[in-house]
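Everything on this sheet refers to the single structure shown next.
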Amino acid sequence: MQLKLTDVLAPTTSGIPKQEPLRFERTWPENLRFLLSAAYDGAKGKAYLKLYNPHTKRVELLEDNTGHLPYCYSDLDESELRAALKETIERLVGFERVRLFDALRQQEKTMTKAIAKDPLTIGGRAYSVREKVTAWEADIPYHLNYLMDRGLIVGAPYLLGEDGRLTLYTMDTSEAISIARRLKGVEERDLELVADWIRLLEADQPDLPVCGIDIEVANPIATRVPDPSKAEDKVVAVAIRGSDGRKDVHVLVEGAGPSTVEGDGYRMITHGSEREMLEEVFAVLDSEYAVIATFNGDDFDLPYLRNRAERLGIPKEKVPIVLGREGATFVRAVHVDLYSFFLNKSIQIYAFDNKYREFTLEGISQALLGKGKVKIEEPISSLSAVKLAEYCMNDAELVYNLLTFEDRLVLRLMMVLCRISRLPVEDLCRHGVSGWIKNLLYFEHRRRGWLIPRKEEILEVKGGTVTKAVIEGKKYRGAIVVDPAPGIHFDVKVVDFASLYPSVLARWNLSYETIRCPHEECRRNLVPETPHWVCTKNRGLQSSIIGALKEVRVGLYKPRSSDKSLPEGQRRWYDVVQKATKVFLNASYGVFGFEEFPLYCPPLAESTAAIGRYVFKSAIEKVRELGATVVYGDTDSLFLKGADGAILEKLIRWAATELGLDLEPDKEYVYIVFSSRKKNYLGLTSKGVVDVKGLTGKKRHIPDFIREAFNSMLQELANVRTPEDLETVKRHIADLIKTWHRKLRKREFELSELAFSVMLSKQPESYTETTPPHVKAAKILQQHGVQVTSGDIIRYVKTKDKVGVAPLHPSVKISKDQVDVEKYIEYMRSTFEQVLDSLDMDFDVIVGVGSLEQFFA
DNA sequence: GCGGACTGCTTACCT
DNA sequence: ACAGGTAAGCAGTCCGCG
């Protein structure tokens, strides 16, 4: 059955005119610039912008000429403010009465705007305005405030006028609206917002000159990481890998004169003087690249270089590094810290599909590039110049590759995320997805002339939650998981609601200002299972903006990312946009249930989940009414048996008309195996892939030995097409279990195959309640002088001795005899049982527990 | 003093 | 520092047992 929903329900996206191929390095007007970042120049007391000029391939700095100043709002009047701000009054320029829209109370409000000479007067000092009076919008970093007030979006192209004015350079609004109009499901009232997203996401992009850098420091104590704030030790190597082909590694060889040697695919430049070496490096970093990437440069490389330069007496104007409170950047380039970017959970999960686990250069590079660091046996300070050069160059190469692999995927992803969040790249890298959404919503408030509410205000006006979570300690009830029907089921079809929570947000007008709004007449518009109501008079801010983003993702970028008729380069770009929008949509509900989010609104998060449950339950009921069976379901997906094409079509049409939501056919399983456990199943999809969810056999911490044994079972299961095939395959599975079991018994394994690898999520000392095995192993490592920190993956094997575990590490000697084989058999048993249960098989019977055969094995 | 039942902690997963 | 829901292993504790 091939149900083509789009044919039934809505016009396809093929009705949308295809864009001309994306325009990289095409002919742009002479005054075209790309906005890369904004910053504050403390010395001049002014904001400035970093603009990339694609014609000269250089970054230009544009100082503010609008007279913009830092400010915040207060509900006191001028005289009250003057009295309260006596200590800092000379740093204030003045006060203005302003009218703003108070969205919480849905009414205009008069506020006093306190305008300051510098950002620290607003916040950051003991006498700052926000310390002395209740202030609004006083926590926004000044450079972000500046971008918001000028409506400027980083990552977007602008035309630079003679007067320094910047005009967004994109397709016309009318053109964007005509595209928006053809997307299905876009309401007339949201057309403009949808068009705005399209303009922004379709805008041209430059091929920025980029590089990756890495430094090495000679520290006398090998186990201690050098302190960048002191920068006491010499910088012995700096490597730069650039998109212009530069592969330079500068190495300090004291006593020797300057020389340039061609290394293996790179240039090694030796310096007799550290100072001269750094000056030469600084000159390159101050002019050649628009984007400079590091791995942990915010916390190490850049502050180290900056402070080391100062120690060496290099004049300030020759050091292009700017240190800020949150990190570091360059004067004429933007800094991208890949470490903090990859640390971002949303990036890890949604953009990279959980492909990397560890947040080290080695771990991430291995997972994404299939390459790693150069192995060295000695400490940095005792490496030969050539070895050091090779090591440092390789790291810079990895950094560069991480930024640029797959057609600059990461760089493009960052630039799209900047466009969506309206953040500069540096800020984007440093903040989590809640920071991104915060900035987007703040920006929209400013655009509309709305006052950004204070966190306490929202809580006071909107109140808390009323539902009870299933998990103790959670704030409200979440999604429903249907009990799976245990056993093997043939011909199962899955349908799911496309981006359920964002759709609910959009469809039910959910926003912090529309939930429990002040209008009496809206109180009847209740959210199921709660006493909350939703505004019927005004369109919610975040409801419309997230809704619009969802429409462009679903209507444009998702289909285009897999549209084989498009050129590959273009498809890749659409995949980047598709990924970036996914990250935003996925987080758009959760942030409102996150206490630290400045627009935290418990009833809003609670209502979103409640409507999600309502929708889900209604769908289950509808399935039954249509005569099919729900064999499993989780949050937004339904696994159906006995649902033919006609039933699916009816179901989907029902969801569209009755709920206004997209229910989509997802996978089809030839067969699927459920135990009684939720979030645990295995099935063969119609595409011939064995899909495994949640089973221990696929968890990443388990020993390779067990995973391999489990995978060999999956290979067998891939051969099952009909119930008849099952018996043969079950026999094969029994055989293979016997084989793997025998291998374990006879100790035919390498220690490394038996290693559990579990992440240490805190410092070992911080485990006060219990001492889990991986923590025991970590503590043993410490006793052997091995450094362990939070975030490390600890590898250990289970042993027969009293401790029960031994870390697997070169510095700890263990032998195969120490292994507790019984424990591993037990682990293997429980891993397999999750599947065998439902196939009417029994691990113990297969391996013959208590049998003579086993006794003599 | 010992073992089973139970609870809470921890990690990894699913949506 | 997006959310809640689920599974599993293990450490530690409670409880019964003349």
Side-chain angles (χ1 to χ4, degrees), chain A residues 340 343-350 354 357 430-438 441 465 467-484 494 496-502 504-505 546 583-602 604-610 612-613 616 632-639 666 675-681 691-702 756-762 766-776 793-794 798 804-805 823 826-827 829-831 833-834:
Chain A
S340 40
L343 197 59
N344 189 307
K345 270 265 169 295
S346 298
I347 293 299
Q348 182 189 15
I349 298 172
Y350 300 118
N354 242 329
R357 276 187 87 190
R430 285 174 205 140
H431 293 115
V433 67
S434 66
W436 304 350
I437 293 179
K438 168 177 81 176
L441 296 180
T465 55
T467 57
K468 193 181 170 303
V470 173
I471 306 168
E472 210 187 330
K474 298 285 185 186
K475 292 170 296 238
Y476 57 91
R477 182 170 289 257
I480 294 170
V481 188
V482 179
D483 274 316
V494 183
D496 63 9
F497 287 100
S499 358
L500 177 65
Y501 290 142
V504 164
L505 233 50
I546 295 296
V583 170
F584 266 81
L585 295 178
N586 276 331
S588 60
Y589 135 78
V591 291
F592 287 91
F594 172 47
E595 293 105 308
E596 306 305 316
F597 188 58
L599 299 172
Y600 175 50
C601 185
L604 175 59
E606 179 175 48
S607 299
T608 313
R613 289 194 298 277
F616 191 59
Y632 179 60
D634 186 346
T635 312
D636 57 3
S637 63
L638 293 169
F639 291 62
D666 188 12
S675 65
S676 52
R677 301 166 187 85
K678 296 169 172 180
K679 299 184 190 280
N680 270 260
Y681 58 85
D691 221 9
V692 182
K693 299 287 179 192
L695 303 181
T696 303
K698 91 166 239 187
K699 296 202 177 181
R700 304 222 224 179
H701 70 279
I702 70 161
F756 286 85
S757 46
V758 178
M759 178 173 291
L760 192 68
S761 62
K762 306 186 273 194
S766 309
Y767 291 83
T768 52
E769 306 299 324
T770 56
T771 314
H774 69 293
V775 179
K776 273 188 193 166
I793 304 275
I794 306 294
K798 296 188 183 239
V805 294
K823 281 265 171 61
E826 180 51 32
Y827 208 92
R829 195 183 64 74
S830 65
T831 304
E833 219 162 51
Q834 293 175 344

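By convention in this document, chain letters (A, B, ...) are assigned in the order of the sequence lines, proteins followed by strands, and residues within each chain are numbered from 1.
- Once rounded to the nearest 0.5 Å, the distance linking OH of A:Tyr767 with NZ of A:Lys762 reads 6.0 Å.
- Residue contacts for A:Arg430: at a heavy-atom cut-off of 4.0 Å it reaches the sugar-phosphate backbone alone, with no base atom in range.
- Judged by distance alone, the side chains of A:Glu606 and A:Thr467 do bring a donor and an acceptor atom under 3.5 Å apart.
- Contacts of A:Ala479 with the nucleic acid, taken as non-hydrogen atoms under 4.0 Å apart, involve only primed sugar atoms and P, OP1 or OP2.
- Taking every side-chain heavy atom of A:Gln834 into account, C:dA7 is the closest of C:dA7, C:dG5, C:dA3.
- The side chain of A:Ala587 lies closest to C:dC2, out of C:dT6, C:dC2, C:dA8.
- Atom C1' of nucleotide C:dA8 and atom CD1 of A:Ile702 are separated by 12 Å, given to the nearest angstrom.
- Computed from coordinates, the A:Asn354 CG to B:dT15 P distance equals 13 Å when rounded to whole Å.
- The side chain of A:Tyr681 places an N or O atom within less than 4.0 Å of a non-bridging phosphate oxygen (OP1 or OP2) of B:dT15.
- With rounding to whole Å, A:Asp691 atom CG is found 9 Å from B:dT15 atom P.
- Note that the OG1 atom of A:Thr696 and the OH atom of A:Tyr827 stand 6.0 Å from one another [nearest 0.5 Å].
- Listed pair A:Arg677 / C:dA8 meets the phosphate criterion, a side-chain N or O lying under 4.0 Å from OP1 or OP2.
- Using a 4.0 Å heavy-atom distance criterion, A:Tyr767 is classed as a sugar-phosphate-only contact.
- An OP1 or OP2 oxygen of C:dA11 is reached within less than 4.0 angstrom by a side-chain nitrogen or oxygen of A:Lys776.
- For A:Arg829 and A:Glu826, the salt-bridge test passes: some basic side-chain N is under 4.0 Å from an acidic carboxylate O.
- Contact annotation for A:Tyr476: backbone-only contact, meaning every heavy-atom pair under 4.0 Å involves sugar-phosphate atoms and none involves a base.
- Between A:Lys698 and C:dA8 there is no side-chain polar atom (N or O) within less than 4.0 angstrom of OP1 or OP2.
- Considering only side-chain N and O atoms, A:Ser761 lies under 4.0 angstrom from the phosphate OP1 or OP2 of B:dT11.
- A:Ile794 has its side chain out of reach of A:Val758: every pair of non-hydrogen atoms, C-beta onward, lies at least 4.5 Å apart.
- Where A:Thr635 and A:Pro772 meet DNA chain C, the nucleotide closest to each residue was compared, and A:Thr635 sits on the side nearer the 5' end.
- By the 4.0 Å N-to-carboxylate-O rule, A:Lys678 lies too far from A:Asp634 to be salt-bridged with it.
- Backbone-only contact: A:Arg357 has heavy atoms under 4.0 Å from sugar-phosphate atoms and none from a base.
- Within 4.0 Å of A:Lys475, counting heavy atoms only, lie sugar-phosphate atoms of the nucleic acid but no base atom.
- Comparing atom distances between the A:Lys798 side chain and each of C:dC10, C:dA1, C:dG5 picks out C:dC10 as nearest.
- As judged by a 4.0 angstrom heavy-atom cut-off over every strand, A:Gly478 is placed among residues touching the sugar-phosphate backbone only.
- Across all strands shown, A:Ser830 has heavy atoms under 4.0 Å from sugar-phosphate atoms exclusively, and none from any base.
- Where A:Val591 and A:Lys468 meet DNA chain C, the nucleotide closest to each residue was compared, and A:Val591 sits on the side nearer the 5' end.
- Counting any heavy atom pair closer than 4.0 Å across all strands shown, A:Lys762 reaches sugar-phosphate atoms only and no base atom.
- The side chain of A:His774 lies closest to B:dT11 when the candidates are C:dA3, B:dT11, C:dC2.
- In this structure, the CZ atom of A:Phe497 is 16 Å from the P atom of B:dT15, given to the nearest Å.
- For A:Tyr589, taking side-chain heavy atoms from C-beta onward, the closest of the listed nucleotides C:dA3, C:dT6, B:dA12 is C:dA3.
- Where A:Glu472 and A:Lys693 meet DNA chain B, the nucleotide closest to each residue was compared, and A:Glu472 sits on the side nearer the 5' end.
- Residue A:Ser434 has a polar side-chain atom (N or O) positioned under 4.0 Å from OP1 or OP2 of C:dC2.
- When rounded to the nearest whole Å, the span between CG of A:Asp634 and P of B:dC14 equals 10 Å.
- Closest to the side chain of A:Tyr827, out of C:dG9, C:dG5, B:dT10, is C:dG9.
- Contact annotation: A:Lys474 side-chain N/O to C:dG4 OP1/OP2 distance is under 4.0 Å.
- Atoms CD1 (A:Ile347) and P (C:dA1) sit 12 Å apart, rounded to a whole Å.
- Listed candidates were C:dA11, C:dT6, C:dC2. Nearest to the side chain of A:Tyr350 is C:dC2.
- Atom NE2 in A:His701 sits about 9 Å away from atom P in C:dC10, given to the nearest Å.
- Looking only at side-chain heavy atoms (C-beta outward), A:Ser637 and A:Asp666 stay at 4.5 Å or farther from each other.
- The aromatic rings of A:Phe639 and A:Tyr681 sit perpendicular, their planes meeting at an angle over 60°, well past the 30° parallel limit.
- Proximity note for A:Asp636 (side chain, C-beta onward) versus B:dT15, C:dA7, B:dA12: the nearest is B:dT15.
- Candidate nucleotides B:dA12, C:dA7, B:dC9 were compared by shortest atom distance to the side chain of A:Val758, and B:dA12 ranks first.
- Between A:Lys678 atom NZ and B:dC14 atom P the separation is 16 Å, expressed in whole Å.
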